[in-house]
Amino acid sequence: MAKIQAIRGMNDILPEQTPVWQFVEDTVRKVLSQYGYQEIRMPIVEQTELFKRSIGEVTDIVEKEMYTFDDRNGDSLTLRPEGTAGCVRAAEEHGLLFNQTRRLWYTGPMFRHERPQKGRYRQFHQIGVECFGMAGPDIDAELLVLTARLWKELGLAGHTRLEINSIGTSEARKVYRQALVEYLNQYKSDLDADSQRRLQSNPLRILDSKDPSTREILAGAPKLDSYLDEESRAHFDRLRELLDAAGIAYTVNPALVRGLDYYGKTVFEWITDSLGAQGTVCAGGRYDGLVEQLGGKPTRAVGFAMGLERLILLLETLDLVPAHVNSDADVYVTAMGEGAMAPALALAEELRVALPEAVVVSHCGGGSFKSQMKKADKSGARYAVILGENEVANGTAGLKPLRSDEPQRELTWKELSLALAEALKN
RNA sequence: GUGGACGUAGCUCAGCUGGUAGAGCUCAGGAUUGUGACUCCUGCGGUCGAGGGUUCGAACCCCUUCGUCCACCCCA
């Protein structure tokens with residue numbers, strides 16, 4: 001009989017890993033709150049129609065990557081493949097967008113049925129940020145300043161680079177798409193197979209094809225840049241000025257085209273070269289049309305999503321996880337002999353009250369004193385507290401430093417709390 | 001969906017032209033009646049991913065299947 005195991009591409013995050021996750025999540029949460037962003041929590045499942053209408057019927061995500069199933073009453077439901085659609089739905093449904101500005105964020109798992117590889121999983125985690133009701137490039141710039149700040153806080157500054165582009169309004173894009181297809185059709189047989197296919201499905205994506213002969217043909221192709229509408233151009237120019245003023249380095253990548261249908265005007269990606277093929281660590285853009293498209297009043301919007309797995313992979317690959325990010329104990333309380341068991345539990349509890357920041361682990365599960373000391377060492381604790389029948393009789397406990405050569409001391413319980421409070425300060 | 005590499009102990013891996021499975025680490029115990037890390041000794045631990053085939057005999061050869069990884073595609 002086959003062993004039951006996790007679904008392909010859906011990973012367990014084990015205790016070894018969770019401190020890094022918490023570090024990233026806590027850091028992001030702190031920065032977002034500094035900028036005045038509010039958390040919103042949405043369900044993981046939505047009506048299938050929501051994603052079809054927002055992401056685009058003909059995208060790969062909707063066509064072949066969604067986890068879609070029928071509810072018991074026959075409704076078609078889908079595990080969210082991204083967060084923006086649900087966020088817009090929730091905000092609109094509860095009147096959060098009417099005549100006001102909003103800065104929102106959320107985090108959680110997303111689901112796409114893709115072939116897993118490095119940095120790409122079927123259940124993956126994003127932190128998404130969405131801003132509503134602000135038309136100008138200032139909020140675009142704020143989002144990029146915010147992300148740059150995040151890299152700094154995570155220790156990733158200098159390990160990611162920013163690429164930006166403007167893809168204009170959907171009208172401008174439509175005209176350009178036509179021109180591009182017309183041009184490329186002249187060379188159709190010289191294009192690589194994937195690009196020939198994309199000629200039908202998503203011509204703009206041919207722009208970043210890696211195929212050499214396709215690239216050669218693209219050199220003479222019409223440029224999206226020259227098809228931009230006036231407003232988009234002005235918006236983009238102003239955004240660049242704001243980024244320059246803020247000291248955010250970027251490159252304009254004319255081939256940068258986001259895959260989801262709802263984007264327009266500003267699009268951007270933070271990319272690393274240290275993760276192989278899945279180097280996009282954060283990506284987003286403006287989507288002024290989406291709220292209306294989903295049945296709300298016209299509402300300007302811009303946002304981005306970060307892939308947590310990729311960020312964590314990057315921190316680990318570059319060995320940038322700070323040393324303090326671990327689940328090490330501070331104090332390990334041993335109990336020697338049956339008579340010490342109850343006092344040891346009581347002492348540990350006293351220490352937790354006296355040292356609210358410290359991790360105090362009680363030895364449980366028996367074993368020789370030697371093995372208790374081994375476990376104290378393994379726990380990463382800086383101090384072992386030793387409680388045997390002698391100490392219980394004397395009303396004392398032994399305090400043994402595990403990471404230095406200082407001698408072991410025998411202290412009363414009160415002295416022990418004070419000594420540990422002092423010792424754990426730095 | 002397509003292509004390539006790889007599945008042997010909890011982990012990292014050896015295992016020759018086919019002869020019936022090993023090391024290091026981890027864990028437990030001991031050398032040291034109540035003191036971890038270093039050293040030494042002992043021990044626990046395997047349907048060799050699964051199923052079938054060839055063979056006197058398969059971890060090794062063949063077929064099928066499942067899984068993992070990387071890349072394409074796509075994307076966070």
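Throughout, a chain's letter reflects where its sequence line sits, starting with A, and its residues are numbered from 1. Note that the structure is a prediction, hence the values are computed from the model and not measured.
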Do A:S213 and A:D190 have side-chain N/O donor and acceptor atoms under 3.5 Å apart?
no
Spacing of the C1' atoms in B:C27 and B:G45 (rounded, Å)
9 Å
Paired stems touching RNA chain B, three or more consecutive Watson-Crick or G-U pairs with both distances under 3.5 Å?
B:1-7 with B:66-72, B:10-13 with B:22-25, B:27-31 with B:39-43, B:49-53 with B:61-65
Which whole number of Å gives the distance between the C1' atom of B:U12 and that of B:G52?
32 Å
All side-chain contact (heavy atoms from CB on, under 4.5 Å) counterparts of A:R53, not counting sequence neighbours
A:E49, A:L294
How many whole angstroms separate atom CD1 of A:I55 from atom P of B:C75?
11 Å
Can you tell me which residue pairs pass the ring-ring contact (aromatic ring centres under 6.0 Å, His included) test with a partner in residues 138-168 of chain A, sequence neighbours excluded?
A:W151-A:W270
Looking only at atom C1', what distance separates B:C60 and B:C6, rounded to whole Å?
15 Å
Residues two or more places apart in sequence or in another chain: which of them pass salt bridge (charged side-chain N to carboxylate O under 4.0 Å, His left out) with A:D328?
none
Between CG on residue A:D194 and NZ on residue A:K210, distance to nearest 0.5 Å:
10.0 Å
Sequence neighbours left out, what pairs pass ring-ring contact (aromatic ring centres under 6.0 Å, His included) with at least one residue falling in residues 374-402 of chain A?
none
N or O in side chain of A:K378 less than 4.0 angstrom from B:C27 OP1/OP2:
yes
Any residue meeting salt bridge (charged side-chain N to carboxylate O under 4.0 Å, His left out) with A:D138, in chain and number order, not counting sequence neighbours
none
Pairing residues for A:E114 by the salt bridge (charged side-chain N to carboxylate O under 4.0 Å, His left out) criterion, not counting sequence neighbours:
A:R120
Between P on B:C75 and CD1 on A:I271, what's the gap in Å once rounded to a whole number?
14 Å
Determine the Euclidean distance between corresponding P atoms of B:U2 and B:A59; express it in Å to zero decimal places.
32 Å
Base, sugar-phosphate or nothing for A:S371? Non-hydrogen atoms, less than 4.0 Å.
sugar-phosphate
Please name all residues satisfying salt bridge (charged side-chain N to carboxylate O under 4.0 Å, His left out) with A:R149, sequence neighbours left out, ordered by chain then number.
A:E153
Protein-nucleotide distance (A:E65, atom CD; B:A76, atom C1'), rounded to Å
12 Å
If we take the P atom in both B:C41 and B:G24, what is their distance in whole Å?
9 Å
Taking the side chain as every heavy atom from C-beta outward, state whether A:T334 and A:K375 have any atom pair closer than 4.5 Å.
no
Is A:R258 near enough to B:A76 that one of its side-chain N or O atoms lies under 4.0 angstrom from OP1 or OP2?
yes
Send over the distance from A:M373 CE to B:C38 P, rounded to a whole Å.
14 Å
Please work out if A:K400 contacts a base, only the sugar-phosphate, or nothing of the nucleic acid, heavy-atom cut-off 4.0 Å.
base
Using a heavy-atom cut-off of under 4.0 Å over every strand shown, decide if A:A376 touches base, sugar-phosphate, or nothing.
nothing
Distance, C1' atom - from B:A37 to B:U32, rounded to whole angstrom:
15 Å
Distance in angstrom units between A:F124 CZ and B:C75 C1', rounded
8 Å
Euclidean distance, atom NZ of residue A:K374 to atom P of B:G36 [Å, nearest integer]:
9 Å
Tell me which pairs pass side-chain hydrogen bond (donor to acceptor under 3.5 Å, both in side chains) where either residue lies in residues 303-314 of chain A, with sequence neighbours left out.
A:H125-A:E309, A:Q278-A:R310
Determine the Euclidean distance between corresponding P atoms of B:C16 and B:G49; express it in Å to zero decimal places.
14 Å
Where do N or O atoms of nucleotides 64-71 of chain B meet protein N or O atoms at under 3.5 Å, pair by pair?
unit_1 : atom_1 : unit_2 : atom_2 : d
B:G67  : OP2    : A:R8   : NH2    : 3.3
B:U68  : OP2    : A:R8   : NE     : 3.2
B:C70  : OP2    : A:K118 : N      : 2.6
B:A71  : OP1    : A:A277 : N      : 3.1
B:A71  : OP2    : A:Q117 : NE2    : 2.9

Which residue, A:H125 or A:L402, contacts RNA chain B at a nucleotide closer to its 5' end, judged by nearest heavy atom?
A:L402
Applying a 4.0 Å non-hydrogen cut-off, can you work out what A:R197 is touching in the nucleic acid: base, sugar-phosphate, or nothing?
sugar-phosphate
I'd like the C1' distance from B:A9 over to B:C44, given in whole Å.
11 Å
Set out, line by line, the N/O atom pairs under 3.5 Å between protein and nucleotides 32-34 of chain B.
unit_1 : atom_1 : unit_2 : atom_2 : d
B:G34  : O6     : A:N390 : N      : 3.1
B:G34  : O6     : A:N390 : OD1    : 3.0
B:G34  : O6     : A:N390 : ND2    : 2.1
B:G34  : N1     : A:E391 : OE1    : 2.8
B:G34  : N1     : A:E391 : OE2    : 3.1
B:G34  : N2     : A:E391 : OE2    : 2.6

Indicate whether OP1 or OP2 belonging to B:C75 is found under 4.0 Å from a side-chain N or O atom of A:K64.
no
Measure CZ/A:F268 against P/B:C75 and give the value in whole Å, please.
16 Å
Over how many whole Å does the gap from A:D377 atom CG to B:G36 atom C1' extend?
5 Å
Could you name each residue pair satisfying ring-ring contact (aromatic ring centres under 6.0 Å, His included) that touches residues 179-209 of chain A, not counting sequence neighbours?
A:Y183-A:Y187
Is it true that A:D261 and A:K52 have a side-chain N and a carboxylate O under 4.0 angstrom from each other?
no
